[in-house]
Novice: 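Got a structure for you, questions after.
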Amino acid sequence: MAVNRVEPVGWPEHGDAGSPGLTVAEAVAVQDRLRPRVDLVGPGPCRPATVAGLDVAYTPDGDLLAAAVTVLDTATLTVVDHAVSVGRPAFGYVPGLFAFRELPALLVALDRLNTRPELLVCDGHGVAHPRRFGLACHLGVVTGLPAIGVGKTPLVGGWTGPGPRRGDTAALVDAGEVVGRVLRTRDGVKPVFVSVGHRMGLDNAVARVLALTPRYRLPETTRTADRLCREALAAATGPARATGRGPGSRTYAAGSRG
């Protein structure tokens, strides 16, 4: 797969993804319009054969990104398909509106897959978002695929716990509403933050994340997609420019993508 050239990333032909040149107010209005379409019940696939991980890496100055999708066989957790898209961010750096920055490139990468995944696992958030419509929700609604968000750090909410053992959970609560689960994937290791994106129930989302974390804190979907997008960015720009995370990344934003 050729990833050594920068490709212009526009908005793919997905009418619900928004359009170029949106203002912040217009982007918020798109989220408000699409939010009622989110299916929080699911239940979603309980034994998916294939699961996709999605991640985005940026150059340190944030002016170039690489979006990657890896499709894993859930029986072996090996990568069976993958695709990347390298280009310019489609929106400014605005917390809570990262989907508008990254969705175009992620949709291009998804369209390049030869395998249609049964579940999308986003390195970010779903309904655990100030407007209950994070990246995982937006991707799920636009593609129609079941989707969940797995964040390294919270974007909203508070919690008590979870316990110290793998599989222990605590409710992630924001403004009196349960918006996700705080999940311990390794004994004694800091937890991850799981929330529904689309066409999934929260219990099933947590079960799928546990199935994807047999050895490490983060799901294998996230680990493989992270590696691929960094490699794609390095191929497009050179290793020295691709090693950092700029103001467009969730590392810069305290580890949160919404």
Side-chain angles (χ1 to χ4, degrees), residues 14 16-17 34-55 67-83 99 102-103 106-107 109-129 132-152 166-167 169 171-172 178-185 191-226 228 257:
H14 294 272
D16 291 327
L34 296 182
R35 185 172 55 249
R37 303 188 191 181
V38 174
D39 177 356
L40 303 178
V41 178
C46 293
R47 294 179 179 84
T50 55
V51 178
L54 301 94
D55 198 8
V69 182
T70 54
V71 181
L72 275 60
D73 179 331
T74 56
T76 62
L77 296 184
T78 57
V79 177
V80 295
D81 196 4
H82 64 277
E102 302 179 349
L103 191 68
L106 287 169
L107 290 174
L110 280 167
D111 286 342
R112 290 175 177 168
L113 291 174
N114 296 312
T115 304
R116 180 180 175 85
E118 296 177 43
L119 174 66
L120 304 180
V121 180
C122 301
D123 183 17
H125 299 282
V127 296
H129 179 274
R132 307 296 187 258
F133 197 76
L135 176 63
C137 296
H138 210 146
L139 270 167
V141 168
V142 168
T143 64
L145 293 170
I148 61 177
V150 184
K152 300 180 184 72
R166 169 176 162 83
T169 66
L172 180 64
V178 175
V179 295
R181 295 259 178 84
V182 186
L183 170 66
R184 189 89 62 190
T185 56
V192 297
F193 299 83
V194 181
S195 58
V196 171
H198 184 53
R199 294 181 58 198
M200 286 289 287
L202 185 54
D203 288 343
N204 191 18
V206 169
R208 301 285 64 75
V209 174
L210 279 174
L212 291 167
T213 53
R215 294 181 296 168
Y216 300 102
R217 174 189 176 229
L218 297 178
E220 289 300 306
T221 41
T222 298
R223 287 166 45 80
T224 54
D226 174 78
L228 180 59
R257 169 177 274 145

Novice: Would you please name every residue forming a side chain to side chain donor-acceptor pair (under 3.5 Å) with Arg116, sequence neighbours left out?
Specialist: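 Not a single residue meets the side chain to side chain donor-acceptor pair (under 3.5 Å) criterion with Arg116.
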Novice: Quick one: pull up SG in Cys122 and CD1 in Ile148 and give me the separation to the nearest 0.5 Å.
Specialist: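 The SG atom of Cys122 sits 8.5 Å away from the CD1 atom of Ile148.
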Novice: At their closest point, which heavy atom of Ala147 faces which heavy atom of Ala136, and how far apart are they?
Specialist: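 Closest approach of Ala147 to Ala136: CB-O, 3.5 Å.
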Novice: Testing Val194, Leu172, Val192, Val206 for side chain to side chain contact (heavy atoms under 4.5 Å, CB included) with Val182, which one passes?
Specialist: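 Of the listed options, the one satisfying the test is Leu172.
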Novice: Under the side chain to side chain donor-acceptor pair (under 3.5 Å) rule, collect the residues that match up with Asp81, sequence neighbours excluded.
Specialist: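 Residues passing side chain to side chain donor-acceptor pair (under 3.5 Å) with Asp81: Thr115.
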Novice: Are any side-chain N or O atoms of Asp55 and backbone N or O atoms of Val69, one a donor and one an acceptor, separated by less than 3.5 Å?
Specialist: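 Side chain of Asp55 to backbone of Val69, a donor-acceptor pair under 3.5 Å: no, none is there.
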Novice: Could you name each residue pair satisfying salt bridge (charged side-chain N to carboxylate O under 4.0 Å, His left out) that touches residues 133-150, not counting sequence neighbours?
Specialist: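 Matches after skipping sequence neighbours: none remain.
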Novice: If you take all heavy atoms of Cys137 and Gly126, which pair is closest and at what distance?
Specialist: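 Residues Cys137 and Gly126, closest heavy atoms: SG-C, 3.3 Å.
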Novice: Can you tell me how far the CG atom of Leu218 sits from the OG1 atom of Thr224, to the nearest 0.5 Å?
Specialist: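 Interatomic distance, Leu218 CG to Thr224 OG1, rounded to 0.5 Å: 11.0 Å.
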Novice: Which residues satisfy the side-chain contact (heavy atoms from CB on, under 4.5 Å) test with Ser195, sequence neighbours excluded?
Specialist: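 Scan of Ser195 (side-chain contact (heavy atoms from CB on, under 4.5 Å), adjacent residues dropped) gives His125, Val127, Ala128.
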Novice: Go through the structure and list residues passing side chain to side chain donor-acceptor pair (under 3.5 Å) with Glu118, not counting sequence neighbours.
Specialist: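 Glu118 satisfies side chain to side chain donor-acceptor pair (under 3.5 Å) with no residue once adjacent residues are dropped.
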Novice: First locate atom CG of Leu139, then atom CG of Leu107, and finally report the distance between them rounded to the nearest 0.5 Å.
Specialist: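 Between Leu139 CG and Leu107 CG, I get 6.0 Å after rounding to 0.5 Å.
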Novice: What distance separates Leu54 CG from Leu110 CG, expressed to the nearest 0.5 Å?
Specialist: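 Going from CG on Leu54 over to CG on Leu110, the span is 5.0 Å.
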Novice: Quick one: do Leu183 and Leu210 satisfy side chain to side chain contact (heavy atoms under 4.5 Å, CB included)? Show the steps, please.
Specialist: CA-CA 9 Å; Leu183 170 66; Leu210 279 174; 4.0 Å; yes
Novice: Between the side chain of His198 and the main-chain N/O of Pro146, is any donor-acceptor distance below 3.5 Å?
Specialist: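 Side chain of His198 to backbone of Pro146, a donor-acceptor pair under 3.5 Å: no, none is there.
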Novice: Could you work out, with side-chain contact (heavy atoms from CB on, under 4.5 Å) as the rule, every residue matching Val80, not counting sequence neighbours?
Specialist: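 Counting only residues at least two positions away or on another chain, Val80 forms a side-chain contact (heavy atoms from CB on, under 4.5 Å) with Val71, Asp73, Thr78.
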Novice: Please answer whether the main-chain N or O of Leu34 pairs with a side-chain N or O of Arg37 as donor and acceptor at a distance below 3.5 Å.
Specialist: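 Pair absent, no side-chain N/O of Arg37 close to backbone of Leu34.
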Novice: Any pair with a residue in residues 201-220 that passes salt bridge (charged side-chain N to carboxylate O under 4.0 Å, His left out), sequence neighbours left out, goes on the list, sorted by first then second residue, please.
Specialist: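 Those involving residues 201-220 are Arg181-Asp203, Glu220-Arg223.
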Novice: Does the side chain of Val141 reach to within under 4.5 Å of the side chain of Val38, using non-hydrogen atoms?
Specialist: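 In short, these two side chains touch, coming nearer than 4.5 Å.
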Novice: I need the minimum non-hydrogen distance between Thr74 and Pro48, along with the two atoms involved.
Specialist: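 Nearest heavy atoms, Thr74 then Pro48: OG1-O, 2.5 Å.
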Novice: Check Pro45 against Leu119 and note the closest heavy-atom contact, atom names and distance.
Specialist: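 That would be CG-CB, 4.3 Å.
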Novice: Name all residues meeting the side chain to side chain donor-acceptor pair (under 3.5 Å) criterion together with Thr213; count only those two or more places apart in sequence or in a different chain, and write none if there are none.
Specialist: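 For Thr213 the side chain to side chain donor-acceptor pair (under 3.5 Å) partners, ignoring immediate neighbours, are Arg166.
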Novice: Report the C-alpha distance between Thr143 and Leu120 in whole Å, list the side-chain angles of each, state the deciding distance to 0.1 Å, and finish with yes or no for side chain to side chain contact (heavy atoms under 4.5 Å, CB included).
Specialist: CA-CA 10 Å; Thr143 64; Leu120 304 180; 3.8 Å; yes
Novice: With heavy-atom distances below 4.5 Å as the criterion, would you say the side chains of Pro191 and Thr185 are in contact?
Specialist: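 Not touching, per the 4.5 Å side-chain cut-off.
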Novice: With side chain to side chain contact (heavy atoms under 4.5 Å, CB included) as the test, would you mind laying out the steps for Leu212 and Val121 before giving the verdict?
Specialist: CA-CA 10 Å; Leu212 291 167; Val121 180; 4.0 Å; yes
Novice: Can you check side chain to side chain contact (heavy atoms under 4.5 Å, CB included) on Leu135 and Glu102, steps first, answer last?
Specialist: CA-CA 9 Å; Leu135 176 63; Glu102 302 179 349; 3.9 Å; yes
Novice: Suppose we screen for side-chain contact (heavy atoms from CB on, under 4.5 Å). Which residues come up paired with Val196, at least two apart in sequence or across chains?
Specialist: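 For Val196 the side-chain contact (heavy atoms from CB on, under 4.5 Å) partners, ignoring immediate neighbours, are Leu40, Met200, Leu202.
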